[in-house]
There are 2 protein chains.
Amino acid sequence: MTRKQAILQAATRLFSEKGFKDTSMARLSKITGVAQGTIFYHFKNKEELFISILEDFRKSIINEIDRYTKENKFDTGLDMIEGAVAFYLYLAGAMEDRFLLLHRHEAYEFAKINPVCRDLLEFIYGCLINIFEQAILLGQKDGTIADVPAKKIALLIFTMVDGVVRFSTYELYDAGTLYDELINSCRKILQK
Amino acid sequence: MTRKQAILQAATRLFSEKGFKDTSMARLSKITGVAQGTIFYHFKNKEELFISILEDFRKSIINEIDRYTKENKFDTGLDMIEGAVAFYLYLAGAMEDRFLLLHRHEAYEFAKINPVCRDLLEFIYGCLINIFEQAILLGQKDGTIADVPAKKIALLIFTMVDGVVRFSTYELYDAGTLYDELINSCRKILQK
DNA sequence: AAAAAAACTGACTGAGTGCTCAGTTTAATT
DNA sequence: AATTAAACTGAGCACTCAGTCAGTTTTTTT
């Protein structure tokens, strides 16, 4: 792993754990075992470092979704929804730190003033919501899912699943114990 | 309005808009037209100011919920759910800044090290989730709602409704255009 | 081996931070 | 009118921060 990658990795962890503002470059340099100057040699400033993390996130998500859609084929759209929920929960676990970053507010604040950040966030959210929308559209084709507005219902399901992830990260409620109810609720919303 | 109230009000707005860390006491004093020292005369430190905001929030929520339960009586539990969703969306609009504060991460971070903050957050979230749980329990008594685990489903519905509020505040999707689907989805989840 | 380029260092800077406190003004009480 | 108490002020303190830069080390190219 190059120094640049090491800095990026440690920054991802710190930004998601402590937040952007609460992570100092001094601390980041200490943890990565690199001089402060080196960080600024690789990344113009703190904000560009943040953008790089989001770019990395986007790449990872694209890869994961690619792999998922290739490896998993479902008989019906309704089954695909269950797969999509499970996949989302898997993703959130596998990329825990980046999801935490996404659940923070700082990214949105930054997106307001930085178009690159805004585009990245929109793309990432688009990918995540699309997982559910595609399943709904498929189910409506094969007749297993009722004639609901696909995009809107995808948003609602996304929000519900993402909320469960939030409960987990805040340690308020374990995702596992809500899994059955989550799947059942999705099915009820979508069933004919 | 007393100076103390003015400080509290301005701090609520700034903390929710800019975040705790990104709001300086200098700026707060400038906006309220009060000397910095005055803020520290009324509040021991920045963190206690934050706690005071949460305490204020708790009081407001208790009042609003009290008023709501007194003014609104529903025939069935299933109808009550629709009322609960509408009420939550109303609350989130009426207390926009405080909900934004709740949607930030800072509060949870602070809750980890401050028991008072943790208790306040737990209480506030308890109130909000309870709105939905009570409706479900009533519906199960009068037979309009299926025999689902009330607390868990209340959490899921809460998370879905709260997600819609989030979409609104991030200006990704308007709450109004999702309202019908939100209500329908809730009904489908709960119907026998 | 020499030269050039890339990678890296860490002391330093200046702007900004939360908070203090000696002192002033205003309000309440005697 | 005199005294006490509460409310308020803002210059100043100790500290943290992102970012800089002159200089050093390592790597690549000639």
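Residue numbers start from 1 in every chain, and the chains themselves are labelled A, B, ... in the order their sequence lines are given, proteins ahead of strands.
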For this session: Considering just the side-chain nitrogens and oxygens of B:R3, establish if one lies under 4.0 Å of OP1 or OP2 belonging to D:dT9.
Result: yes

Problem set entry | Under 4.0 angstrom between B:S24 side-chain N/O and C:dT17 OP1 or OP2 | yes

For this session: For the side chain of A:V34, starting at C-beta, report the closest nucleotide among D:dG19, C:dT9, C:dA6.
Result: C:dT9

For this session: Establish, from distance only, whether the side-chain atoms of A:N63 and A:S60 form a donor-acceptor pair under 3.5 Å.
Result: no

Exercise. Are B:K4 and B:F43 in a cation-pi setup, meaning NZ or CZ lies under 6.0 angstrom from the ring centre and within 45 degrees of the ring axis?
Worked result: yes

For this session: Check every strand shown and say whether A:T23 touches a base, only sugar-phosphate, or nothing at a heavy-atom separation below 4.0 Å.
Result: sugar-phosphate

Exercise. Quick one: B:K30 NZ to C:dT17 P, roughly how many Å, whole number?
Worked result: 11 Å

Exercise. Starting at the 5' end of DNA chain D, which residue's closest nucleotide do you reach first, A:K46 or B:G33?
Worked result: B:G33

For this session: Go through the steps to decide whether A:H105 and B:Y170 satisfy the test ring pair (Phe, Tyr, Trp, His ring centres under 6.0 Å), and finish with yes or no.
Result: CA-CA 10 Å; A:H105 234 150; B:Y170 299 162; 5.3 Å; yes

For this session: Side chain of A:F40 only, please: which of C:dG18, D:dA18, C:dT9 is the nearest?
Result: D:dA18

For this session: Can you tell me the distance, in whole Å, between the NZ atom of A:K21 and the C1' atom of C:dT17?
Result: 10 Å

Exercise. Within the pair A:Y41 and C:dA7, is there a side-chain N or O less than 4.0 Å away from OP1 or OP2?
Worked result: yes

Seminar exercise, completed: Winner on side-chain proximity to B:M25, out of D:dG19, D:dC8, C:dG18, is C:dG18

Problem set entry | Below 4.0 Å: OP1/OP2 of C:dA6 and any side-chain N or O of A:H42 | no

Exercise. Rounding to a whole Å, what distance do you find between A:Q36:CD and D:dC17:C1'?
Worked result: 9 Å

Exercise. Going by the angle between their ring planes, with limits at 30° and 60°, are B:F15 and B:F20 parallel, tilted or perpendicular?
Worked result: tilted

Exercise. Does a nitrogen or oxygen in the side chain of B:T38 sit under 4.0 Å from OP1 or OP2 of D:dT9?
Worked result: yes

Exercise. Does A:R67 pair with A:E64 as a salt bridge, N-O distance under 4.0 Å?
Worked result: yes

Problem set entry | d(NZ, A:K4; C1', C:dA6) in whole Å | 13 Å

Exercise. Rounding to a whole Å, what distance do you find between A:D22:CG and C:dG18:C1'?
Worked result: 14 Å

Problem set entry | Between C1' of C:dG18 and CZ of B:F50, the distance in whole Å | 17 Å

Problem set entry | d(CG, A:N45; C1', D:dC21) in whole Å | 17 Å

For this session: Please report, rounded to the nearest Å, how far the C1' atom of D:dT9 is from the CD1 atom of B:I7.
Result: 12 Å

